[in-house]
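Both backbone and side-chain heavy atoms feed into the values below; hydrogens, waters and symmetry mates do not. Letters go in sequence order (proteins before strands), and every chain restarts at 1.
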Amino acid sequence: MNRRLNLLDYAAGSILRRYSAHLPVAAVFIIVVFLAASVILTLSSLKKEAANILAAAPELTVQEMSGGRQTPIAVDIAEKIRSVTGVESARPRIWGYLYEPYAGVNLTLWGVDEITGEKMFSGDFSFREGGFYKPGERWKIVVGEKVPQALNLKGRKNLTFTDGQGKLKSFEIAGVFSSVSSMLTADLVIMPEKDLREFFHMDKGLATDIAVTVKNPAEIPMAAVKISSLCPSCRVISRTWMQRAYEAVFNFRGGLVLLLWMGCLVSFLILLWNKGAVLSGLEKRELGILKAAGWSFEDILELKIMEGAMISGASFTGGFAAACIHVYGFDAVLFRPVLFGWSVLFPSMNLVPVFSFGPLFLILILTVLPYMAVSLLSAWKSATMDIGELIRGEDG
Amino acid sequence: MIRLTGVSKIFETGNQDITAVSEVSVSIPRGALTLLTGNNGSGKTTLMLLMAGILSPDAGRVYLDGMDISRLPERIRSRIRRNRTGIIFQERFFIRTAPVWQNLVLSLIPTERPMADIRNKGKALLRRFGLEEKENVRCGRLSGGEKQRLAIARALINDPDVIFADEPTTHLDHDVLQMLTREIQNWKTRGKTVVIATHQPELLNAAGPDIRLTLEKGRLAREER
């Protein structure tokens, strides 16, 4: 035990003494881990956000299609859908997007009646300021906690949006809410259905889509088929399909970035190989001195493995810590345009920490293992070097 | 006791082989002070390194207390170097960026002794050689004389039975030379076997050598007892 501690002490001192020789490899190591961990942590967070949003989504969403594009759907269709066996409810919804050019952000406007609003705010939503608008109140809104900051309201409660016909409409903020999903709190503006219908200039008999709930999850596919046959011009989207689509998009983007990362990894491995293949004059001299002092092959091998483990462990930890700061402290600013896609238009979005051990273990395997292998190769070469070559010098 | 029988060592340099030591047979009894002398390139250092078990002979045998160290695996030879021999190398053989104390205790690091004990032993030796204030100084910052004193101290850290020294008098000032002479006499009185490779044997006369081996072109030219 003491022998190991003594070797550890010597290994730590040796690394500090030759820090300038270890620094370039450690720096590249940290960058490689940082890049991969940043992508993985960001994707995990985005997937978690998507899952949070979809958890609140209806089992089926019915949209009217015309010429391959979504158009408003007739409210009457909801009545027909309710008659389908297994369907629990079918509720027409009014919602849409609004681009706010002055702040450069995309907002989601959602029409909510008082009953639905109460249900929403008894679950994952909670008010940080104010409360829900009263029944019958007009042009009152409740907004996600990031919205006032994004619109630069500075405490003002009144704001103006331009409707689809270029007319200005004033709104008053009745409440500011927070949610488990920052995707929702980042861009959501909720207002009475009647007001939103007027703002979007949507006819009374039309809605954006119809949210359908099904009693038995096993009956969702069958219900979807029946709804499709009932309304041939409609598209029926299930929550499971949306979840898969989200994951596919995030995985595709993440895959592209990780493909580029593979290039960095290969460069890192080549750098490592070169480092391990050639021993510097100083290293040779030190090994010669150690051998002359009675260090055995095993002692030198152990020392070099300890050095490798310390450098790779510290670099991995450093890279991972930097990635955590980048993703959770700076909202993955480097990868935002690539990984977030359209959602970069969100006013601002804090990624929630999600830790998945599997991918991080993979990074550990891809970086620490090659480093340890090269350290071992280098150590083997060092330990088996002819001591006479190192010691003899000029023969007297 | 050190015994060599028909020992030869050949070094390959490019396409030419150089015979550094050729068919040397000699016996050095326990507790003797032996001087290996000869001109530059005569094979003194190589012969000393063969006796110390650092180099392996291409022919012949090297025995240390009856054990054939020339045929032992490196693992066991390293243990012998760590436990039984001390070697004073020329001043270039230090880890320049490491502190003095670490250079001193190198042979004790891969042992089961606690680090605190190792450092205490190192401190005692540094005091004995007047280097206690240099304990944490990097070796590269020591003067030539200080390095020489440290080299001697390092050879004694494991309290060896046999001490080898490679040109210990090179670049020594008068005070360090006197200290070295006193140390060698001290080792002799304590029954340690001492082998010194030097091209200035006259500087060590005061130490009272028992055996003088003169080498010429790798061969043992003269043996005086």
Side-chain angles (χ1 to χ4, degrees), chain A residues 1-23 279-307 379-396, chain B residues 9 11 18 20 36 38-46 48-50 52 54-56 73-85 87 89-90 92-99 102-103 105-115 117-118 138 154 157-158 166-167 197-199 215:
Chain A
M1 185 63 189
N2 280 331
R3 179 180 158 278
R4 288 253 154 79
L5 290 175
N6 295 346
L7 285 175
L8 265 176
D9 184 74
Y10 186 84
S14 170
I15 291 169
L16 290 177
R17 279 203 315 272
R18 287 186 285 124
Y19 72 93
S20 57
H22 297 301
L23 210 58
L279 281 177
S280 73
L282 277 175
E283 279 175 304
K284 279 184 186 171
R285 174 191 279 190
E286 182 164 341
L287 290 171
I289 293 167
L290 295 180
K291 281 191 155 191
W295 285 47
S296 66
F297 168 82
E298 288 86 355
D299 296 332
I300 290 174
L301 202 64
E302 236 173 286
L303 171 75
K304 291 290 165 188
I305 290 171
M306 282 176 183
E307 281 184 8
W380 191 273
K381 284 174 66 179
S382 319
T384 52
M385 270 174 72
D386 180 23
I387 180 173
E389 291 281 319
L390 300 159
I391 296 297
R392 201 172 62 89
E394 299 126 50
D395 190 29
Chain B
K9 182 70 184 174
F11 291 111
I18 294 172
L36 291 175
N39 296 328
N40 282 345
S42 60
K44 306 184 294 292
T45 301
T46 304
M48 191 201 78
L49 294 176
L50 286 163
I54 286 176
L55 294 180
S56 296
E74 172 56 25
R75 190 166 51 87
I76 297 173
R77 282 198 293 168
S78 67
R79 203 175 298 158
I80 292 171
R81 280 200 297 276
R82 189 165 64 213
N83 298 328
R84 297 205 53 200
T85 65
I87 306 168
F89 287 103
Q90 292 181 41
R92 73 189 188 90
F93 257 89
F94 288 107
I95 301 169
R96 285 183 204 163
T97 51
Q102 208 167 42
N103 270 284
V105 302
L106 281 178
S107 63
L108 300 182
I109 286 173
T111 65
E112 285 301 336
R113 290 179 75 142
M115 187 51 87
D117 277 10
I118 293 173
R138 281 201 241 156
R154 186 169 63 179
I157 191 76
N158 54 352
D166 186 18
E167 301 287 2
T198 178
H199 68 283
L215 291 165

S.K.: How about CZ on A:R3, more than 12 heavy atoms from neighbouring residues, nucleotides or ligands closer than 6.0 Å, or not?
M.R.: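 Enclosed: over 12 neighbouring heavy atoms sit under 6.0 Å from CZ of A:R3.
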S.K.: Contact part of B:I109 toward chain A, heavy-atom cut-off under 4.5 Å: side chain, backbone, both or neither?
M.R.: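 Both backbone and side chain.
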S.K.: Is B:R113 in contact with chain A via its backbone, its side chain, both, or neither, using a 4.5 Å heavy-atom distance?
M.R.: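 Answer is backbone: N, CA, C or O of B:R113 sit under 4.5 Å from chain A.
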S.K.: With only heavy atoms counted, which part of A:E302 is less than 4.5 Å from chain B, the side chain, the backbone, both or neither?
M.R.: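 A:E302 has no heavy atom closer than 4.5 Å to chain B.
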S.K.: So which heavy atom on A:N6 is nearest to which on B:I118, and how close?
M.R.: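 Scanning both residues, the minimum pair turns out to be ND2-CD1, 3.5 Å.
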S.K.: Return the option, out of B:E112, B:M115, B:R82, with the maximum number of heavy-atom pairs under 4.5 Å with chain A.
M.R.: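 Ranked by heavy-atom pairs under 4.5 Å with chain A, first place is B:E112.
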S.K.: Does any backbone or side-chain atom of B:I80 lie under 4.5 Å from a heavy atom of chain A? Answer side chain, backbone, both or neither.
M.R.: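 No part of B:I80 comes within 4.5 Å of chain A.
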S.K.: If I take atom CG from residue A:L16 and atom OG1 from residue B:T97, how far apart are they, to the nearest 0.5 angstrom?
M.R.: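 Atom-to-atom, A:L16:CG and B:T97:OG1 are 10.5 Å apart.
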S.K.: How long is the span from the CZ atom in B:R96 to the CZ atom in A:R17, to the nearest 0.5 Å?
M.R.: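 These two atoms lie 13.0 Å from each other.
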S.K.: Counting only non-hydrogen atoms closer than 4.5 Å, does B:A197 touch chain A with its backbone (N, CA, C, O), its side chain (CB onward), both, or neither?
M.R.: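 Neither part.
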S.K.: If you take all heavy atoms of A:L290 and B:L106, which pair is closest and at what distance?
M.R.: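 Scanning both residues, the minimum pair turns out to be CD2-CD2, 3.7 Å.
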S.K.: The test is side-chain contact (heavy atoms from CB on, under 4.5 Å); show your working for A:Y10 and B:Q102 and say whether it passes.
M.R.: CA-CA 8 Å; A:Y10 186 84; B:Q102 208 167 42; 3.5 Å; yes
S.K.: What closest approach, in Å, do A:R285 and B:F93 show between heavy atoms, and which atom pair accounts for it?
M.R.: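 Looks like O-CE2, 4.4 Å.
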S.K.: Search all heavy atoms of B:S107 against all heavy atoms of A:A293 and return the closest pair with its distance.
M.R.: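 Nearest pair, atom of B:S107 first, then A:A293: CB-O, 2.9 Å.
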S.K.: Can you give me the closest heavy-atom contact between B:I87 and A:A292, atom names plus distance?
M.R.: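 Nearest pair, atom of B:I87 first, then A:A292: CD1-O, 4.3 Å.
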